[in-house]
Amino acid sequence: MHWLVALLFGVAVTQIAIFVTTIYLHRGLAHGALKFHPVLTLVFRSIIWITTGMKPREWAAIHQQHHAKTDTTLDPHSPKVHGFWRVQLGNVGLYRKACKWPEVTRREELIQPKDALDKVFYDHALWGLAVGIALLVFITTVLGFGWVTGLVAAGIHTVTYIMLSGAINAVGHYLGTRPDRSTSATNVPGLSLLTAGEGLHNNHHAVSGSPRFAHRWWQIDPAWPVIKGLEAAKLLTITRKLRPIG
């Protein structure tokens with residue numbers, strides 16, 4: 001078993017999943033700040049399927065609910081309601097409960113109606129995760145590191161992605177700075193570096209429709225250069241105005 005290789009693969013897969021989550025699910029589907037080329041949409045949907053098993057329309061609907069009812073009892077994952085550790089460690093459970101809320105299910109069809117690919121592939125989370133794990137095992141085996149390395153990498157990815165996602169909701173509403181006092185969300189620069197800009201949570205809540213999360217020249221939104229690169233390649237279009245950098 002190659003621990004270092006497993007760690008590198010696990011972290012790499014997590015970062016791919018995080019970048020697709022923030023660019024496609026968050027800035028694109030949930031807030032409509034980006035419009036994607038059909039080919040890129042297919043790629044992103046497939047990556048989300050094999051790395052997280054989540055349904056894009058479901059994630060976006062839950063996030064919209066979070067913005068509509070931030071830090072109230074109708075917020076799916078508020079640390080001020082559920083407690084810091086419940087959100088940090090149990091965010092998956094809170095997500096699964098929120099999926100059944102009438103407010104959330106009503107939003108889903110408006111965001112992205114179910115299509116044939118959803119019915120055959122993307123609505124089957126366990127299939128997607130099985131494909132993702134099998135792919136990791138195949139790659140590490142072909143490269144000579146063994147199938148166990150692939151399984152461990154999948155485990156590292158799962159734990160890391162869940163913990164970082166939980167931190168965005170827990171730490172991002174509990175610790176950090178609040179340059180914009182109109183929202184309870186916070187900026188946590190270190191978390192931003194690990195989550196493709198999501199740690200600039202106060203900025204995002206202050207101007208939720210902006211596709212760029214950095215509002216000051218010294219702030220770093222790692223996803224923004226990727227977005228600009230995809231725009232240059234004509235794979236996406238920025239559909240919302242940017243907040244000027246101060």
**Asked** Are the side chain of S192 and the backbone of I220 linked by a donor-acceptor contact shorter than 3.5 Å?
**Response** yes
**Complete:** Between L175 and V188 the two heavy atoms that sit nearest each other are O-CG2, 3.6 Å
**Message:** I need the W101 CH2 to L74 CG distance, nearest 0.5 Å.
**Reply:** 6.0 Å
**Request:** Could you tell me whether the side chains of Y95 and S165 share a donor-acceptor contact shorter than 3.5 Å?
**Result:** no
**Item:** Any side-chain donor near an acceptor of the partner, H67 and S208, under 3.5 Å
**Value:** no
**Asked** Are L8 and L136 linked, directly or through other ILVMFWY residues, by side chains that come within less than 4.5 angstrom of each other?
**Response** no
**Item:** Pairwise distance OG1(T140) to CZ(F9) - rounded to 0.5 angstrom
**Value:** 6.5 Å
**Item:** More than 12 heavy atoms of other groups within 6.0 Å of F84 CZ
**Value:** yes
**Item:** N202 side-chain N/O to R178 backbone N/O, donor-acceptor pair under 3.5 Å
**Value:** no
**Request:** For the pair D115 and R57, find out whether any cationic side-chain nitrogen is under 4.0 Å from an anionic carboxylate oxygen.
**Result:** no
**Request:** Answer yes or no: does atom OH of Y174 have more than 12 heavy-atom neighbours from other residues, nucleotides or ligands under 6.0 Å?
**Result:** no
**Message:** Looking only at the side chains, is there a donor atom on one of R27 and T22 sitting less than 3.5 Å from an acceptor on the other?
**Reply:** yes
**Fill in**
For E231 and K228 the tightest heavy-atom approach is OE1-NZ, 2.9 Å
**Prompt:** Under a 4.5 Å side-chain heavy-atom rule over Ile, Leu, Val, Met, Phe, Trp and Tyr, are W224 and L235 clustered together?
**Reply:** yes
**Item:** Under 3.5 Å side-chain donor-acceptor pair for D75 and T70
**Value:** no
**Message:** Between F213 and H26, is the ring centroid distance below 6.0 Å?
**Reply:** yes
**Asked** Same cluster for L193 and L164 if Ile/Leu/Val/Met/Phe/Trp/Tyr side chains link at under 4.5 Å?
**Response** no
**Asked** How long is the span from the OG1 atom in T160 to the CG atom in L7, to the nearest 0.5 Å?
**Response** 8.0 Å
**Message:** Is the shortest side-chain heavy-atom distance between M163 and L89 below 4.5 Å?
**Reply:** yes
**Asked** If you measure from the Lys or Arg side-chain nitrogens to the Asp or Glu carboxylate oxygens, is any gap between K55 and D118 under 4.0 Å?
**Response** no
**Prompt:** For the side chain of T186 and the backbone of V171, is there at least one donor-acceptor N/O pair under 3.5 Å apart?
**Reply:** yes
**Distance (rounded to the nearest 0.5 Å) between T177 OG1 and N203 CG** = 8.0 Å
**Asked** Going only through I, L, V, M, F, W and Y residues with side-chain contacts under 4.5 Å, is there a path from I16 to F44?
**Response** yes
**Under 3.5 Å: donor-acceptor pair, side chain of R240, backbone of H31** = yes
**Asked** Salt bridge check: are E58 and K114 linked by an N-O gap of less than 4.0 Å?
**Response** no
**Complete:** Heavy atoms of A17 and T51 approach each other most closely as CB-OG1, 3.6 Å
**Asked** Can you name the nearest heavy-atom pair linking F19 to P222, along with the distance?
**Response** CE2-O, 3.5 Å
**Request:** Indicate if L94 and V159 have the same hydrophobic cluster label, given that clusters are the connected sets of ILVMFWY residues with side-chain heavy-atom separations under 4.5 angstrom.
**Result:** no
**Side-chain (Q65) to main-chain (P76) donor-acceptor, under 3.5 angstrom** = no
**Message:** Tell me if the aromatic rings of H77 and H173 count as close, with their centers under 6.0 Å from one another.
**Reply:** no
**Prompt:** What's the spacing between H215 NE2 and L200 CG if we round to 0.5 Å?
**Reply:** 8.0 Å
**Asked** Do the side-chain N and O atoms of Y24 and T41 include a donor-acceptor pair separated by under 3.5 angstrom?
**Response** no
**Message:** Strictly distance-based, threshold 3.5 Å: is any side-chain N or O of H2 a donor or acceptor partner for the main-chain N or O of L4?
**Reply:** no
**Prompt:** Minimum heavy-atom separation for V131 to I50, with atom names?
**Reply:** CG1-CG2, 3.8 Å
**Item:** Pairwise distance CD(Q64) to CD(E108) - rounded to 0.5 angstrom
**Value:** 10.5 Å
**Request:** On the 0 to 90° scale, with breaks at 30° and 60°, tag the H204-H201 ring pair as parallel, tilted or perpendicular.
**Result:** tilted
**Request:** Flag the pair T239 / L34 as yes when at least one side-chain heavy-atom distance between them is below 4.5 Å, and no otherwise.
**Result:** no
**Asked** Hey, is the main chain of F121 close enough, under 3.5 Å, to the side chain of W49 for a donor-acceptor pair?
**Response** yes
**D71 and S184: side chain donor to acceptor below 3.5 Å** = yes
**Item:** Donor-acceptor under 3.5 Å (T21 side chain, L25 main chain)
**Value:** no
**Asked** Which pair of heavy atoms, one from G146 and one from T141, lies closest together, and at what distance?
**Response** C-OG1, 3.8 Å
